[in-house]
Visitor: 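First the structure, then my questions, so here it is.
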Protein chains: 4
Amino acid sequence: MRKEPRQARSRAMVERIVEAGRRTLVADGYDRFSTNRVAQTAGISPGSLYQYFPDKTALLDVVVERYWDDVSDRVAASLADRISDSGPAMARAVAESLLDALDADRALLRVVAEELPARRSRQRRAALERRVRELATAYLAARPDASRRPSPAVAAWIVVLAVENLATRWVLDRPERPDREELVEEIAALVSGYLTSPG
Amino acid sequence: MRKEPRQARSRAMVERIVEAGRRTLVADGYDRFSTNRVAQTAGISPGSLYQYFPDKTALLDVVVERYWDDVSDRVAASLADRISDSGPAMARAVAESLLDALDADRALLRVVAEELPARRSRQRRAALERRVRELATAYLAARPDASRRPSPAVAAWIVVLAVENLATRWVLDRPERPDREELVEEIAALVSGYLTSPG
Amino acid sequence: MRKEPRQARSRAMVERIVEAGRRTLVADGYDRFSTNRVAQTAGISPGSLYQYFPDKTALLDVVVERYWDDVSDRVAASLADRISDSGPAMARAVAESLLDALDADRALLRVVAEELPARRSRQRRAALERRVRELATAYLAARPDASRRPSPAVAAWIVVLAVENLATRWVLDRPERPDREELVEEIAALVSGYLTSPG
Amino acid sequence: MRKEPRQARSRAMVERIVEAGRRTLVADGYDRFSTNRVAQTAGISPGSLYQYFPDKTALLDVVVERYWDDVSDRVAASLADRISDSGPAMARAVAESLLDALDADRALLRVVAEELPARRSRQRRAALERRVRELATAYLAARPDASRRPSPAVAAWIVVLAVENLATRWVLDRPERPDREELVEEIAALVSGYLTSPG
DNA sequence: TATGAATGAGCATTCATTCAT
DNA sequence: CATGAATGAATGCTCATTCAT
């Protein structure tokens with residue numbers, strides 16, 4: 001009496017491999033991310049891996065993809081709890097959400113952002129940026145007087161990239177100054193100062 | 001009669017190898033950056049390479065290091081020509097300098113910023129940031145009323161990282177919007193808006 | 001109510017697999033003749049294949065075996081239509097029959113004769129040769145004055161091998177010269193010249 | 001005081017690898033002809049093999065090529081010692097030469113002719129055939145009355161293929177009948193009977 | 001019987017590094 | 001110093017075969 005349909009078995013196996021991939025990446029770094037090693041970590045044979053992924057790259061892509069999707073989801077979820085009206089508060093909310101999301105799997109962020117060729121992460125990272133940018137654009141569109149920048153699209157590009165990079169760097173480097181609170185404050189200032197700067 | 005002292009010979013050889021490394025990196029990408037290939041490009045034997053560099057990584061590091069030092073020098077030189085008084089003009093000058101400096105060897109920037117594990121660039125990139133940050137800090141220190149941010153050091157950290165990343169991404173992606181002029185304008189707004197934002 | 005006895009089921013399954021093997025061989029070549037691929041072509045699972053064949057080799061052998069048996073049958077059938085009295089005419093008939101038989105599945109001949117290790121074909125190809133040799137021997141025995149060769153068995157060995165190889169090579173290479181008609185003529189001359197050569 | 005120039009070192013190594021390839025082929029068969037195994041047999045590391053051959057196929061090709069060239073040379077050498085005038089004697093000489101040449105490395109002939117995909121041998125085997133064919137054609141051209149066949153080229157094609165295959169098969173199978181002497185006799189009869197057969 | 005997921009030994013190939021010359 | 005042939009561990013990947021279901 002098999003409860004789970006075939007699909008579920010596959011899904012479980014894919015899960016197992018992806019998780020092994022993630023762990024291998026975090027534990028051994030990108031340079032040691034080899035199919036044999038992942039298979040060993042997953043407790044399967046190298047051949048089995050190829051029943052679920054056409055090649056090494058495909059697996060890596062899924063791991064990376066999943067990471068950025070998770071970050072993206074965490075940002076979205078986190079934001080939902082912090083919706084607020086005023087501009088600076090909004091910027092603060094975004095910053096906090098991003099910091100939380102990036103901090104959630106800092107070890108993997110380190111690999112994804114610092115060991116992988118950026119090219120590998122590009123697409124999914126861009127998806128995250130797009131998602132946040134859409135929120136930003138919607139926000140700006142809904143509150144025309146929140147921004148004095150001439151182009152909302154350009155403003156969103158500027159803001160999102162700047163904030164994302166500041167957050168990433170901060171999470172990875174954890175400098176003494178600014179501390180988290182300061183950082184959020186400065187980001188809020190950066191964003192609101194920019195938006196209210198006369199265009 | 002050997003004219004040149006050993007040191008000089010070494011220096012010339014190191015130079016030759018580093019240059020070969022740079023060319024290999026640009027021409028073939030990081031994946032094909034192998035010691036054999038570099039040696040061949042340099043017109044020496046693989047064994048000789050190891051007389052000047054302990055391992056492949058060391059060579060790569062020097063190439064990267066040199067790249068960021070060059071960028072750093074170009075920024076400094078470029079800035080010297082644009083020294084100006086007013087805040088926004090200063091921000092504009094920095095942005096322009098950075099864009100120029102990054103654009104000067106865009107092919108290598110692509111490899112260094114998108115193919116190499118970011119970790120490799122870390123130290124020297126940080127050096128560039130430090131250098132610019134120092135300029136920024138000095139500027140802010142000299143003009144206390146230019147900034148309302150509580151900590152000059154933090155403000156410099158924020159500004160430099162934000163501007164550097166925006167410039168890098170823009171050079172690499174060359175998006176239609178913002179175009180260069182717009183970008184400079186927005187960066188100026190970002191920086192001056194931030195600095196004048198009440199802390 | 002199962003209509004067919006187990007035997008019949010097996011036979012049908014064997015058939016199905018062998019046919020799939022044949023098609024795989026023709027379509028993809030010997031290098032891609034893998035059990036998985038054959039099973040897929042047969043619409044069964046790789047495991048099932050092993051219920052009918054102990055290993056890959058056994059299946060391949062049956063496919064090859066079947067091919068040469070088919071050729072053998074075609075030669076026999078074709079010959080029945082060309083029975084004639086005079087020696088040269090007989091040689092011509094054999095040549096034509098062989099060419100027809102080999103041409104009938106040229107695609108498979110190519111694989112069997114040029115891609116497979118010849119060893120694989122050995123036994124069954126020998127069976128074909130034996131069959132034709134028997135006809136030849138019988139013919140020679142029935143017409144003692146048709147041959148001046150001392151040993152009919154040896155003469156048959158010589159003639160059959162020579163003719164078979166000439167026919168095979170011609171079918172596979174299809175050289176401009178000799179064309180088919182010429183070839184048949186030359187084979188007839190070869191055979192009758194040989195047989196009438198004083199022993 | 002290095003006596004041998006660089007070339008010679010390479011040549012020795014190539015020789016060593018080719019010989020190891022030959023031995024591996026003979027000892028373990030085509031299926032076990034792997035680069036690692038050849039390297040081990042040669043007493044070198046797998047990587048070294050690739051300094052002399054771009055890939056496995058290239059090595060195999062050289063082994064096969066060398067085999068057929070050797071056979072070809074042996075035939076030529078052997079023939080030089082048997083040059084004779086009369087037709088049947090000539091055919092006998094060719095047959096003997098071929099049998100000698102093929103017998104010289106029967107173990108390798110087995111692999112080359114029965115295990116390798118024929119395609120691999122094709123080109124070099126064709127070279128042998130061409131070489132012998134040229135001799136035959138020259139012979140026929142020089143003695144117009146030696147042949148009554150209409151086309152010398154076609155006659156050469158027929159004769160060479162027939163004789164080559166008979167010789168090969170005989171060497172590989174070593175049947176009781178015909179024995180070597182008989183075989184040579186029958187081949188002579190085959191050839192001279194054919195050539196004198198009225199076209 | 002039939003399945004097909006899982007296996008794992010094996011393969012061809014690469015490349016950073018060494019060391020005898 | 002310079003050489004470059006030699007190394008050999010490691011890699012991504014395949015496929016004949018097995019066995020729990």
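Only heavy atoms go into these numbers, but all of them, side chains included; no hydrogens, no water, no symmetry mates. Numbered from 1 within each chain, the chains take letters A, B, ... in sequence-line order.
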Visitor: So how far is it from Glu65(D) CD to Leu60(D) CG, rounded to the nearest 0.5 Å?
Guide: 10.5 Å
Visitor: Distance check needed: dT3(F) C1' versus Tyr52(B) OH, whole Å only.
Guide: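 Whole-Å distance recorded here is 12 Å.
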Visitor: So, Arg110(D) side chain and Leu172(D) main chain: donor-acceptor pair closer than 3.5 Å or not?
Guide: yes
Visitor: Kindly state which residues belonging to residues 40-50 of chain B come within less than 4.0 angstrom of DNA chain E, counting heavy atoms of the residue only, listed by number.
Guide: Gly47(B), Tyr50(B)
Visitor: Provide the closest heavy-atom pair for Ala107(C) versus Val26(C) in the form atom of the first, atom of the second, distance.
Guide: CB-CG1, 3.7 Å
Visitor: For a quick test of reading the model, state the closest non-hydrogen atom pair linking Ala58(B) to Asp55(B) and the distance between them.
Guide: N-OD1, 2.9 Å
Visitor: Could you tell me which residues satisfy side chain to side chain donor-acceptor pair (under 3.5 Å) with Arg106(D), sequence neighbours excluded, listed by chain and number?
Guide: none
Visitor: Would you sketch DNA chain F in dot-bracket for me? Only Watson-Crick or G-U wobble pairs with both distances under 3.5 Å count, crossing pairs as [ ], other-strand pairs as |, the rest as dots.
Guide: .||||||||||||||||||||
Visitor: Which is it for Thr168(A) and Arg125(A) under the side-chain contact (heavy atoms from CB on, under 4.5 Å) test, yes or no, and what are the steps along the way?
Guide: CA-CA 12 Å; Thr168(A) 303; Arg125(A) 196 167 182 171; 3.8 Å; yes
Visitor: Does Thr57(B) reach the side chain of Arg120(B), with side-chain heavy atoms less than 4.5 Å apart?
Guide: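 In short, these two side chains touch, coming nearer than 4.5 Å.
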Visitor: Between atom CD of Gln40(A) and atom OG of Ser45(A), what is the distance when rounded to the nearest 0.5 Å?
Guide: 11.5 Å
Visitor: Working to the nearest 0.5 Å, report the span between CG of Asp73(D) and CH2 of Trp68(D).
Guide: 13.0 Å
Visitor: How long is the gap from CZ on Phe33(D) to CG on Leu116(D), to the nearest 0.5 Å?
Guide: 8.5 Å
Visitor: Which residues in residues 27-36 of chain A have a heavy atom closer than 4.0 Å to any atom of DNA chain E?
Guide: none
Visitor: Mind jotting down which residue pairs meet the side-chain hydrogen bond (donor to acceptor under 3.5 Å, both in side chains) criterion with at least one end in residues 25-39 of chain D? Sequence neighbours excluded, please.
Guide: Asp28(D)-Arg37(D)
Visitor: If I take atom CD in residue Gln51(C) and atom P in nucleotide dT18(F), what distance separates them, rounded to the nearest angstrom?
Guide: 12 Å
Visitor: Hey, is Glu19(D) close enough to Arg16(D) for a salt bridge, meaning N to O under 4.0 Å?
Guide: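 No, no charged N to carboxylate O under 4.0 Å.
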Visitor: Listed in order of residue number, which residues of residues 53-66 of chain C have a non-hydrogen atom at under 4.0 Å from DNA chain F?
Guide: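 Per residue number, the list reads Asp55(C), Lys56(C).
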Visitor: Could you point out which residue of Ile17(D), Leu59(D), Val18(D) forms a side-chain contact (heavy atoms from CB on, under 4.5 Å) with Tyr52(D)?
Guide: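 Going through the options one by one, the only one that passes is Ile17(D).
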